[in-house]
Amino acid sequence: MFREKFQNITEGYTFDDVLLKPLHSSIEPKNANVSSKFSRHISIGIPIVSSPMDTVTEESMAIAMARYGAIGVIHRNMSANEQVEMVKKVKKEESIIIRDVFSIAPDTPVNVARTLMKTKNIAGLPVVASGKLIGILTKRDLEFSESEGTVKDIMTKDVITADENVSIEDAKFILYKNRVEKLPLVDSKGRLVGLITAKDIKTREKFPNASRDEQGQLMVGAAIGAYDIDRAINLENAGSDFLVIDTAHAHNKNVLSSLKKIRNAIHIDIIAGNIATAEAAEDLISLGVDGLRVGIGPGSICTTRIVAGVGIPQLTAISDVADVASEHGIPVIADGGIRYSGDMIKALAAGASTVMLGSLLAGTEESPGTEMIINGRKYKAYRGMGSIGAIKAGKSDRYEKLGTNEFIAEGVEGSVPYRGKVSENLFQFVGGIKTGMGYLGAENLEELKKKAVFIKITNSGLRESHPHDIRIVSEPPNYQNSGI
Ligand code: XMP
C-alpha cells in the first residue's frame, strides 16, 4: 500500500524544468497583444499583478501598476481603516469626473477660503448655495482681493459649465477654448453634480493604456482574510474594484464556508486562493469566485514546502487549475516563483491569464520596503507574509498560529536589489513576453495558450540556457543572476 504511493507517483514541473519550443511565426514581437482577463469582469492591458505583501503593494505601487496597464492588490497587514484609505487614494488619484466635489458657501470669509485652498491644495473652488452652483473661487480671484469680506464678493460669477453628460472630448474643447482649468458639471436644475479638470485630462492622455474603471479612475484591488466580512464590505464601499481572499490554503472547509458568506455579501469580483489542484479549483468555482490565485510554496521568500513538506511545482499547479478554470471561463493568476520574463510567458502558456509578482517588484522605487545599502549597492527590504517579522507587524492570519504567541513561520525576511521605477521594469517584462510570442507565432495570449509546446530539459539544458563561460561585466536590465 505504501509502495504503491511511489509506483503511481506523478511528476510536477516548474519554470526551470521546461522551455517553450520555437514555432513557425509570422508575428513580430512589437505586434503581439498582451492584454488579458484578470478576473471574470476585469480585463487589463498587461498580464501582470503586484502581490498583496507589505513590502510590495501599497498605494504608490497600485497607482504605478494601474497607470501602465497592469494592476495592484493592496496588502492587508494593517487595520481595515488604513487599507480603506489606501484604496480611496488610488481611486482618487486620477478621475475624469470628480463626483464628490469639494465646494464652498458664498458667505464663507475670504480668509477661511484662502486657508482652505492652501491646505487642501485646491486651485478652484465651486461656490454653491442651496445645492446650486453660483460661482467659482479661483486663485486669481484671491490674488487680487483683500482678506476681508466673503467669498461672494470676490468670486467669478460667470462660470463656464457643462452639462452633466458632456463627453470627454467636448469637455476638453470647452476647457481649451475658454482657457479655464476647471469645468463644473451641472444638471438641468443648475445643481453642481461633478467637476472635470484640465489636469486630469492631461494625466489621462499621458497614460493611455492605464487600467481604468468606467468612471475613468485607476483600478485597484485589496486583499482580505478569509473570515473578514466586515473588511470586505468596507473595501467594496471604498471603491475597491475586486477583492482577493488571501489565504495560504483556500481548499479548507472553514475557508470555503466563509467564502460562501463573503460571496453573498459582496458584488465586486472575488479572487480566491491560494490553491494548487484541480479539486480545489472545482470547489472554489462552485462557490462563485471570479478568479483563482495559484501557488503553494513557489515564492522566493516561501518556506512552506520546506517547513510543511507540501506544494506542487508551479507550472503543473497552474495547468491543473487552468484546465478546470478554463471550462468555466475563470481566469487564473500564477502567483510566485517568477524571476524572469521567460518564467512569465511559461506561466501564461501553461494556462495562467496573469502573473503575480512579489520579489520582482519589491526592489522598485514604488514599493513600500525600506531601502538599504549593502556593499555599496542599493537594496530594498522584502519579506514573506508568513515571516516572523510580517506576522508580528500586523494582523496576518494567512499563516498558522499555534497557541497565542507561537508562530510557525512559512517565510523569510531579506532584501532584493533596487530595480528603479515600476514603469521601466514593466517595459522589460512585457518586452520579454512579446519576444517569446514572436518565437511562437502567437499574436495574443489566447493564441499563445493554444500553440505553446513545452519541452522538458535536463540540468545541462538549464545550465546551457543561462549565460555560461563568461564573467558578466555589465548586467542588462532584464537579466540579473548575481547569486543573491
Ligand atoms: P515571489 O516569488 O514573486 O512570490 O517573490 C510572491 C508570492 O509568495 C507568496 N508568499 C508566501 N508564501 N510564505 C509562503 O509560503 C510566505 O511567507 C509568503 N509570503 C508571500 C504569495 O503568494 C506571494 O504573492
Side-chain angles (χ1 to χ4, degrees), residues 14-16 47-57 61-62 65 70-77 221-223 225-226 244-250 271-276 280 291-315 317-318 321 332-344 346-347 352 354-364 367-369 380-394 396-401 407-417 419 422 425 429 480 484:
T14 192
F15 303 108
D16 280 352
I48 300 177
V49 186
S50 67
S51 176
M53 299 172 74
D54 64 3
T55 45
V56 180
T57 312
M61 176 64 70
M65 292 295 284
I71 208 156
V73 189
I74 308 259
H75 74 87
R76 64 185 176 94
N77 219 18
V244 172
I245 313 276
D246 183 37
T247 72
H249 182 39
I271 287 100
N274 280 27
I275 58 165
L292 293 167
R293 185 176 168 202
V294 175
I296 305 275
S300 60
I301 31 54
C302 302
T303 54
T304 296
R305 292 181 186 172
I306 305 305
V307 171
V310 173
I312 291 190
Q314 185 65 346
L315 285 179
I318 295 166
V321 170
V332 166
I333 302 171
D335 173 25
I338 287 176
R339 305 146 302 164
Y340 304 104
S341 50
D343 296 342
M344 297 178 197
K346 288 176 192 174
T354 55
V355 295
M356 182 175 271
L357 308 181
S359 72
L360 281 186
L361 291 171
T364 58
S367 79
K380 285 193 93 169
Y382 180 46
R383 66 183 180 192
M385 295 312 293
S387 66
I388 299 286
I391 296 173
K392 280 191 174 161
S396 184
D397 53 4
R398 185 179 156 104
Y399 299 93
E400 191 67 32
K401 224 185 232 179
F407 307 115
I408 306 296
E410 287 182 49
V412 295
E413 296 167 66
S415 62
V416 288
R419 304 179 62 102
V422 161
N425 284 276
F429 301 155
Q480 291 176 329
I484 41 160

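Position 1 is the first residue of the sequence; numbering continues from there. Whatever order the structure lists them in is the order used to number ligands and atoms, beginning at 1.
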(Q) Counting only heavy atoms closer than 4.0 Å, does ligand 1 sit against the backbone of N274, its side chain, both, or neither? (A) side chain
What is the minimum heavy-atom distance between [X] and [Y], and which atoms define it?
X	Y	result
V355	A347	CG1-CB, 3.8 Å
P52	A223	CB-CB, 3.6 Å
N274	V294	ND2-C, 4.3 Å

Q. Residues in salt bridge (Lys or Arg N to Asp or Glu O under 4.0 Å) with R305, at least two apart?
A. none
Proximal atoms of ligand 1 relative to [X] (non-hydrogen, under 4.0 Å):
X	result
G336	2 (O), 4 (O)
S359	1 (P), 3 (O), 5 (O)
Y382	1 (P), 4 (O), 5 (O), 6 (C)
S51	23 (C), 24 (O)
I301	8 (O), 10 (N), 11 (C), 18 (C), 19 (N), 20 (C)
G384	16 (C), 17 (O), 18 (C), 19 (N)
S300	1 (P), 2 (O), 4 (O), 5 (O)
M356	24 (O)

Please say whether [X] places an N or O atom under 3.5 Å from an N or O atom belonging to ligand 1.
X	answer
G337	yes
T303	no
G358	yes
M385	yes
R383	no

Q.
Contact between ligand 1 and R293 is defined here as a heavy atom of the residue under 4.0 Å from a ligand atom; is it met?
A. yes
Q. Closer than 4.0 angstrom: is that true for some heavy atom of S387 and an atom of ligand 1?
A. yes
**Q.** With P47 via side-chain contact (heavy atoms from CB on, under 4.5 Å) - residues at least two apart
**A.** V34, S36, L348, T354, I433, L445
Q. When you check the side-chain N and O atoms of Q314 and T14, is any donor under 3.5 Å from an acceptor?
A. no
Quick one, [X] and [Y] - any side-chain contact, counting heavy atoms below 4.5 Å?
X	Y	answer
R339	D16	yes
M65	L361	yes
H75	D246	no
L360	R419	yes

